[in-house]
Number of protein chains: 2
Amino acid sequence: MKVNGAPLKQGMLPGLLGYRLRLAQQAVFRDFSASVAEISPGRFGILLLIDANPGVTQSRLAQAVSLERSTMVGVLHALQGSGLVERRRGTDRRTNGLWLTPRGHALMARLKRRIQAHERRVASRLSAAEREQLLGLLGKLTG
Amino acid sequence: MKVNGAPLKQGMLPGLLGYRLRLAQQAVFRDFSASVAEISPGRFGILLLIDANPGVTQSRLAQAVSLERSTMVGVLHALQGSGLVERRRGTDRRTNGLWLTPRGHALMARLKRRIQAHERRVASRLSAAEREQLLGLLGKLTG
DNA sequence: TATTGTTATACTCTATAACTATA
DNA sequence: TATAGTTATAGAGTATAACAATA
């Protein structure tokens, strides 16, 4: 049997926006992982950007998600290896343009539905107005 | 010279709480790192909990910050190596109690002031009421 | 000269499984 | 038997520096 005693005192932690944001984000990501087992939130974002911007180059994509060019190489290699993404050499022959494969499109169609369900579940403790308020305050914070 | 063309289309991303939380958290952590170069947000949280709960055991601390016992070992080893934390064997001789060293206390005194400044800077785009509202909504989300 | 993609390498943070000493 | 701390190991996820091809 386990006796845990009193909960720990938290000090100034609960008053820090960064701490509360981290807790909220962890909770949301936990739900994301539970509903979308086959991909991480970050990878989903990358597929979504390719979907919305067919032919985008690796560098522009990397910049959009705040990753280094060199980091993006490995990420795309894995997504290509999974048959989700295709790289085609551009007219500027230094660049690779990126597209979803048919399989990539099919996956995204499935995921988008499940992610909408995830979003409803995550926001279920908030009213529609509160959810909008939260999105607005987060946007204001980020600037 | 660099010509970047139009910004990427974002698709459903800006409507997802998880995405917006991640952006906000990244922005806040960037400011944290800039104002508190000598330690990460996570390590600060651990030192703060030891400060507020002198003698806490490794396992209880790990549980409080959602880390594995085995992960906490390395973290504490590093903090002890930096002369910030002391481990003392407990009456239950399986346990280690944790305390800040004088140096750890001194560091925390300095950091707390700088972190209050960081918090004011991060929240500077929000009114006091908006900051409270945001903390409240985050708490509601986390449940 | 500058940019794109690439490789090699390393660092941070974390988890799992198996071990030990104590209870 | 169960718990606390530990070790060995591995896996994400990321960055930096140097390079070749191309502009």
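Lettering follows sequence order; numbering is per chain, from 1. Remember, it's a predicted structure, so these values are computed and weren't measured experimentally.
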Nearest-angstrom distance from the residue atom [atom1] of [X] to [atom2] of [N]:
X: Met72(B); N: dT14(C); atom1: CE; atom2: C1'; answer: 12 Å
X: Leu98(B); N: dG5(D); atom1: CG; atom2: C1'; answer: 11 Å
X: Gln58(B); N: dG5(D); atom1: CD; atom2: P; answer: 5 Å
X: Gln63(A); N: dT4(C); atom1: CD; atom2: C1'; answer: 13 Å
X: Leu61(B); N: dG5(D); atom1: CG; atom2: C1'; answer: 13 Å
X: Arg60(B); N: dG5(D); atom1: CZ; atom2: P; answer: 11 Å
X: Ile46(B); N: dT14(C); atom1: CD1; atom2: C1'; answer: 12 Å

Going by the ring pair (Phe, Tyr, Trp, His ring centres under 6.0 Å) test, which pairs reach into [range], not counting sequence neighbours?
range: residues 65-105 of chain B; answer: none
range: residues 6-26 of chain B; answer: none
range: residues 53-76 of chain A; answer: none
range: residues 31-58 of chain A; answer: Phe32(A)-His118(A)

Consecutive-pair stems (at least three Watson-Crick or G-U pairs, under 3.5 Å) that include DNA chain C: C:1-23 with D:1-23

Does dT4(C) have its OP1 or OP2 closer than 4.0 Å to a side-chain nitrogen or oxygen of Arg87(A)? no

Just list the side-chain donor-acceptor pairs under 3.5 Å for residues 64-74 of chain B, sequence neighbours left out, or say none.
none

Does a salt bridge link Lys9(B) with Asp51(A), judged by any charged N lying under 4.0 Å from a carboxylate O? no

Do Glu119(A) and Arg121(A) sit within salt-bridge range, that is, some charged N less than 4.0 Å from a carboxylate O? no

Mind checking side-chain contact (heavy atoms from CB on, under 4.5 Å) for Arg43(A) and listing every partner two or more places apart, or none if nothing turns up? Ile39(A), Ser40(A), Val75(A), Ala78(A), Leu79(A)

Sequence neighbours left out, what passes side-chain contact (heavy atoms from CB on, under 4.5 Å) with Arg110(A)? Give chain and number order. Glu38(A), Leu107(A), Arg113(A), Arg114(A)

In B/S/- notation (B base, S sugar-phosphate only, - none; protein heavy atoms under 4.0 Å), nucleotides 8-22 of chain D written 5' to 3' is -----SSBBB----B

